[in-house]
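Read through the structure below, which is laid out as structure tokens, and then see the notes.
Remember, predicted model here, so these are calculated numbers, not experimental data.
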Amino acid sequence: MSKEKSFIYLIQIILGFFILFASDIQAQLPKPTLTIETDFFGKKTLKDSPIDELKNSSAKITSLNFKGSFSYPFIADQGNRIFFIEAQYRQRYFVYHNWPANLSKEIDHLHEINLSFTLYQNIGRNWAMSLNVTPQLASNFEEKKLSKEDFKFQGAIVFEKQFSEKWRLGFGAAYSTTFGKPIPIPLITFSYDSGNKWYAYGNLPAEMNIFYRLSNYFDLGFITKADGGMYHVPETYPEETKIKDPELQYVSILFGPSIKFKYSRFELFFRGGLAYQKYGLYDGTKELKDYQYEFKLGHSLNGNLKIHF
């Protein structure tokens, strides 16, 4: 994956989570929501390592992600204007298996703190707008003090149109300093509800969900979900590498079956299947080809609990 493709792809991934607010608003007015989510990626072997010590080796990696967030909506004008504030914390763990001793000082944890502000506004017949800004801290927090490289900024705007009782489609653009020089990135959102058993929603290409209502409590479906980010990782690589601004880029893609359980104020998701993972090192915005790790497909499991207050 080239630097330019990674740049475009990851901005769409990272900004995807707040764009989906607008799809839920049409069904019912939002409530304060606590979300707890975890991802488990089983042992994966390297696909093609650029490092000689890892070629044809039995080196593998296991990873675990944890995320907690709380969103609060301020509703005005009978739901025609809604302002969201969301606080989110995420931690990523990496466990290395059969890793060469001279490469043992690898990154084993990453932290991410987001404070997101989103405005949803009806702007005319069947039209609505979503505007978001998200300051972010993304680092391994190995330094005693925060540096400017730990801070990132993201934003997006999306316009949506209700074409019918079943279909809603949105388009817009994203902006981010996460990867250095920012450029506008196109975004597309959609939601569909047959009014009976089938429904779907997503933010392409970051996430797509298709569900079938089995009962009032259970839905069964299929999901493709991408995730990723860029993290400042100081105090990791020795001075002789001459890496002045080490930044780790992380990408994962999960696809497989999903089941949703709904009861009262609670929603519980389980998603499983195959997953793709890749991470690579950058010096600022410069890709370091000798530190790019791509892994073979392996199994993964995601759990997500939402509590609406």
Side-chain angles (χ1 to χ4, degrees), residues 10-25 27-39 63-76 79 81-93 109-121 129-143 145-158 172 174-179 182 187 189 201 203 206-207 225-233 247-248 250 252 265-269 271 302-309:
L10 279 173
I11 292 179
Q12 290 171 317
I13 293 171
I14 298 169
L15 296 176
F17 75 93
F18 61 80
I19 303 297
L20 295 176
F21 272 130
S23 299
D24 297 332
I25 291 170
Q28 59 184 357
L29 290 178
K31 298 178 180 180
T33 301
L34 174 67
T35 302
I36 300 172
E37 183 174 355
T38 185
D39 296 283
S63 59
L64 178 67
N65 302 331
F66 169 81
K67 182 178 75 174
S69 66
F70 182 77
S71 66
Y72 193 93
F74 297 87
I75 302 172
R81 182 184 302 114
I82 306 175
F83 181 68
F84 294 90
I85 297 178
E86 181 179 32
Q88 175 185 290
Y89 171 75
R90 184 203 302 266
Q91 186 164 7
R92 304 184 191 274
Y93 295 94
H109 65 277
L110 297 169
H111 302 269
E112 182 180 319
I113 300 172
N114 294 309
L115 186 59
S116 181
F117 304 92
T118 303
L119 174 66
Y120 172 86
Q121 175 69 56
M129 177 195 72
S130 297
L131 176 66
N132 172 275
V133 292
T134 303
Q136 179 189 82
L137 273 173
S139 174
N140 60 358
F141 292 149
E142 289 293 326
E143 290 183 320
K145 295 182 180 180
L146 294 176
S147 66
K148 64 179 181 180
E149 288 81 10
D150 295 323
F151 292 88
K152 308 291 191 295
F153 176 81
Q154 303 166 166
I157 184 168
V158 171
Y175 174 97
S176 178
T177 62
T178 302
F179 303 98
L187 296 171
T189 66
Y201 59 91
N203 169 33
E207 183 172 359
K225 179 186 177 185
D227 186 22
M230 185 76 90
Y231 300 84
H232 186 220
V233 288
E247 299 278 345
L248 183 75
Y250 173 82
S252 68
R265 298 181 293 115
F266 301 91
E267 288 184 69
L268 181 63
F269 296 79
R271 302 150 176 161
N302 170 273
N304 182 302
L305 172 65
K306 293 181 182 291
I307 305 174
H308 305 285
F309 297 93

Open item on the list: Restricting to ring pair (Phe, Tyr, Trp, His ring centres under 6.0 Å), what partner residues turn up for F117, sequence neighbours left out?
Closed with: none

Task: Inter-residue atom distance M230.CE - S139.OG, 0.5 Å rounding - done: 13.0 Å

Open item on the list: Can you tell me how far apart CE (M129) and CD (Q121) are? Round to the nearest 0.5 Å.
Closed with: 6.5 Å

Task: Derivation and outcome, side chain to side chain contact (heavy atoms under 4.5 Å, CB included), residues F151 and L146 - done: CA-CA 9 Å; F151 292 88; L146 294 176; 4.0 Å; yes

TODO: Answer yes or no: is there a side-chain heavy-atom contact under 4.5 Å between P32 and P73?
DONE: yes

Task: Minimum side-chain heavy-atom gap N65-Y93 below 4.5 Å - done: no

Open item on the list: Using a strict threshold of under 4.0 Å (side-chain N to carboxylate O), is an ion pair present between K152 and E112?
Closed with: no

Task: I36 CD1 to F66 CZ distance, which is reported to the nearest 0.5 Å - done: 6.0 Å

- [ ] Kindly write out the residues that satisfy side-chain hydrogen bond (donor to acceptor under 3.5 Å, both in side chains) with R92, not counting sequence neighbours, or none if the list is empty.
- [x] D227, Y231

- [ ] Check step by step if side chain to side chain contact (heavy atoms under 4.5 Å, CB included) holds for I113 and Q136.
- [x] CA-CA 6 Å; I113 300 172; Q136 179 189 82; over 6 Å; no

Task: Student check: side-chain heavy atoms of R90 and N114 closer than 4.5 Å - done: no

Open item on the list: Side chains of L115 and I85, heavy atoms from C-beta outward: is any pair under 4.5 Å?
Closed with: yes

Open item on the list: Test of understanding: with side-chain contact (heavy atoms from CB on, under 4.5 Å), list the residues that count as partners of F266, not counting sequence neighbours.
Closed with: I307

TODO: With sequence neighbours left out, write down each residue that passes side-chain hydrogen bond (donor to acceptor under 3.5 Å, both in side chains) with R265, or none if nothing qualifies.
DONE: none

TODO: Report yes if some heavy atom in the side chain of V158 is under 4.5 Å from a heavy atom in the side chain of N132; otherwise report no.
DONE: no

Task: side-chain contact (heavy atoms from CB on, under 4.5 Å) partners for E143, two or more places apart - done: S147, H232, P234, E235

Task: Residue list, side-chain contact (heavy atoms from CB on, under 4.5 Å) with T38, at least two apart or on another chain - done: L64

TODO: Answer whether the closest heavy-atom distance between the side chains of L248 and L110 falls below 4.5 Å.
DONE: yes

Open item on the list: When you compare the side chain of T33 with that of F84, does any pair of heavy atoms fall below 4.5 Å?
Closed with: no

- [ ] Under the side-chain hydrogen bond (donor to acceptor under 3.5 Å, both in side chains) rule, collect the residues that match up with Y89, sequence neighbours excluded.
- [x] Q91, H111

Open item on the list: Holding to side-chain contact (heavy atoms from CB on, under 4.5 Å), I want the full list of residues that pass it with S69, two or more places apart in sequence or in another chain.
Closed with: T35, E86, Q88

TODO: Determine, stepwise, if the pair I82 / L29 fulfils side chain to side chain contact (heavy atoms under 4.5 Å, CB included).
DONE: CA-CA 9 Å; I82 306 175; L29 290 178; 4.3 Å; yes

Task: Point-to-point distance, once rounded to the nearest 0.5 Å, from OH of Y250 to OG of S63 - done: 4.5 Å

- [ ] Looking only at non-hydrogen atoms, find the nearest pair between T134 and S116 and report the distance.
- [x] OG1-OG, 3.2 Å

Open item on the list: Just to verify, what does F309 make a ring pair (Phe, Tyr, Trp, His ring centres under 6.0 Å) with, not counting sequence neighbours?
Closed with: none

- [ ] Would you check if F153 and V133 make a side-chain contact, meaning some heavy-atom pair closer than 4.5 Å?
- [x] yes

Open item on the list: I need the Y72 OH to K31 NZ distance, nearest 0.5 Å.
Closed with: 12.5 Å

- [ ] Only counting residues at least two apart or in another chain, list the ones meeting side-chain hydrogen bond (donor to acceptor under 3.5 Å, both in side chains) with N302.
- [x] E37, D39, R271

